[in-house]
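When reading the values below, keep in mind they use all heavy atoms of this one structure, side chains included, and skip hydrogens, waters and symmetry mates. Remember, it's 1-based here, ligands and their atoms both numbered in the order they're listed. Numbers for residues simply follow the sequence, beginning at 1.
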Amino acid sequence: MRELIKRLPKVDLHCHIDGALRTRTIIELAQLQNYKLPTYDEEELKKYVTVSKSCRSLSEFLEKFEIFYPLLKDREAMKRVTYELIEDAKKENIVYLEARFAPVLQSKEGLNMEDVLKAVLEGKKLGEENFGIKCGIILCVYRGQPPESWYETVELAKKYKDKGVCGVDLAGDESRYPAKDFKEVFELAQKYNLNITVHAGEAAGAESIRWAIDLLGAKRIGHGVRLKEDRFLYERVKNAKIPLEMCPTSNVHTEVVPSYKKHPIKEYYYDGIRVTVNTDDRGVSDIDLSYEWEVCIDEIGFKLEDLLDMNINSIEAAFLDESEKNRIKELIQNQTSEILKGRKNDF
Ligand code: ADE
Ligand code: ZN
């Protein structure tokens, strides 16, 4: 099944560039930059930079990023990791990718947020050309960072809209920084007509999803796991067809859910919520999208046809213009039926 899933054309809407680093690349960047790592052995380093079973919380999960963040405050590094993410996506036939990052986390004295974005856009362009994948960049306003950086992020998203940036997000530790505190900056994003997605209902309750929609103008919700805690909001999200960018392994790793079996994604999908399946942090979780599809089938109990249907939800929810969306949707449908031809009894 893994081989079949790998070949099928897929869409990943929720993928953090910094969370997608290859362990080998962390080592090579450290060697290039004379940066001290706890170990230079790939298998050993994996223990520091990836999560295999479970952290106790999102906060603990995000601490894993701290080891390699200093390495990313560098133009070449950001260009490279963006390029490598697209290369990895190609290996499992991702045909459309939305990759996100928070420019403030990779900036430093002498390297401003726009410099970092330019480096990412260079890596994206090269990756798109070499691997034939369409990729949009989402800029994350980051919880816990200074308010000036929130506004600068939104201004950058406006400046680079239609020049590679397809939207803005609110990321970081939701348990400590509630969505409602970002109302004003997201009002600006709405004024600029930016596509908005917000991490909500991951490390905080349904109220956070309500703030994301009503105060921040979110058109999609990152995770939204805890939506069912508010039945009224649940019905609203369902009727308004607001897509949830769900990432089951990430939620197991951050203990948002105790196990795959207890993840609400299947219940949501069968009840008519617009669900999509995504990776979140490929490197830190040590997964790819094919793995997510596999656990959806093996652990959560989906059928392959459900995944194909959620894949269509993804392209329909993409921050893309209609003609591009239709082109990629057609490509997905054609490739999928070609690959599945004569395999009807395999699943
Ligand atoms: N940044 C990287 N992964 C994240 C997650 N799961 N939630 C919020 N911010 C993140
Ligand atoms: Zn995320």
Side-chain angles (χ1 to χ4, degrees), residues 11-21 26 49-51 54-69 72 78 81-82 85 97-106 116 120 136-145 149-150 153 166-179 181-182 186 195-205 208-209 211-212 216 218-227 243-257 263 265 275-289 292 314 317 319:
V11 174
D12 192 352
L13 296 179
H14 190 128
C15 173
H16 294 263
I17 296 177
D18 47 354
L21 252 64
I26 298 175
V49 296
T50 67
V51 173
S54 202
C55 295
R56 279 188 301 272
S57 65
L58 175 62
S59 316
E60 199 182 307
F61 181 84
L62 292 175
E63 277 169 20
K64 289 273 172 189
F65 291 64
E66 300 295 333
I67 297 179
F68 54 78
Y69 267 157
L72 296 180
M78 285 307 285
V81 300
T82 306
L85 167 58
L97 171 69
E98 284 179 12
R100 61 185 75 192
F101 78 108
V104 65
L105 297 178
Q106 271 75 58
V116 181
V120 165
I137 301 294
I138 296 176
L139 300 187
C140 305
V141 170
Y142 208 82
R143 294 172 152 115
Q145 292 294 319
S149 75
W150 312 344
T153 304
C166 65
V168 284
D169 172 35
L170 175 62
D173 195 345
E174 188 192 6
S175 67
R176 288 161 58 199
Y177 305 100
D181 294 354
F182 297 83
F186 277 86
N195 292 314
I196 298 171
T197 175
V198 169
H199 280 75
E202 179 191 22
S208 182
I209 302 171
W211 289 330
L216 275 51
K219 293 285 174 284
R220 299 193 323 224
I221 296 294
H223 300 283
V225 180
R226 295 179 60 178
L227 176 63
L244 303 187
E245 307 157 358
M246 304 203 91
C247 315
T249 296
S250 167
N251 299 147
V252 170
H253 284 171
T254 56
E255 282 211 345
V256 167
V257 293
H263 199 290
I265 184 169
V275 172
T276 68
V277 177
N278 309 276
T279 52
D280 210 10
D281 296 294
R282 291 165 171 258
V284 177
S285 282
D286 202 13
I287 56 156
D288 57 14
L289 188 59
E292 285 309 82
S314 293
F319 290 156

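Distance check: Ser175 OG to Arg143 CZ gives 9.0 Å after rounding to the nearest 0.5 Å. For the atom pair CG of Leu58 and CG of Asn251, the computed distance is 9.5 Å after rounding to the nearest 0.5 Å.
In terms of protein heavy atoms, atom 5 (C) of ligand 1 is closest to Glu202 OE2, 3.5 Å. The closest protein non-hydrogen atom to atom 9 (N) of ligand 1 is Gly172 N, 3.0 Å. Asp281 OD2, 2.7 Å is the protein heavy atom nearest to atom 3 (N) of ligand 1.
For the pair Leu62 and ligand 1, a heavy-atom separation below 4.0 Å is found.
For atom 4 (C) of ligand 1, the nearest non-hydrogen atom from the set Lys64, His16, His14 comes from His16.
Remark: the backbone N or O of Trp150 is not paired with any side-chain donor or acceptor of Gln145 at under 3.5 angstrom. For Glu174 (side chain) and Glu202 (main-chain N/O), a donor-acceptor pair under 3.5 Å exists by modelled atom type.
At least one N, O or S atom of His199, from either the backbone or the side chain, sits less than 2.8 Å from the Zn ion (ligand 2). His14 lies close to the Zn ion (ligand 2), since one of its N, O or S atoms is found at a distance under 2.8 Å. Distances from the Zn ion (ligand 2) show that Glu245 has no N/O/S atom below 2.8 Å.
For the 3.5 Å distance criterion, the side chains of Asp280 and Ser250 qualify, holding a donor opposite an acceptor.
For the side-chain hydrogen bond (donor to acceptor under 3.5 Å, both in side chains) with Glu245, the qualifying choice from Thr197, Asn278, Thr276 is Thr197, the only one to do so.
Residue Phe65 approaches ligand 1 through these ligand atoms, each under 4.0 Å from one of its heavy atoms: 2 (C). Close approach to His223 involves these atoms of ligand 1, each under 4.0 Å from a residue heavy atom: 6 (N).
Under 4.0 angstrom from ligand 1, the non-hydrogen atoms of Asp280 all belong to its side chain. With a heavy-atom cut-off of 4.0 Å, Glu174 does not touch ligand 1 at all. When non-hydrogen atoms are compared, ligand 1 lies under 4.0 Å from neither the backbone nor the side chain of Val284.
Asp280 contributes OD1 as its N, O or S atom closest to the Zn ion (ligand 2).
In this structure the side chain of Glu98 reaches within 4.5 angstrom of the side chain of Arg220, judged on heavy atoms.
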Handout entry: CA sep, side-chain torsions, deciding dist, call: Asp281, Lys64, salt bridge (charged side-chain N to carboxylate O under 4.0 Å, His left out)
Key = CA-CA 11 Å; Asp281 296 294; Lys64 289 273 172 189; over 6 Å; no
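Ring geometry for Phe182 against Phe186 counts as perpendicular: the plane angle is over 60°, on a 0 to 90° scale with 30° as the lower cut.
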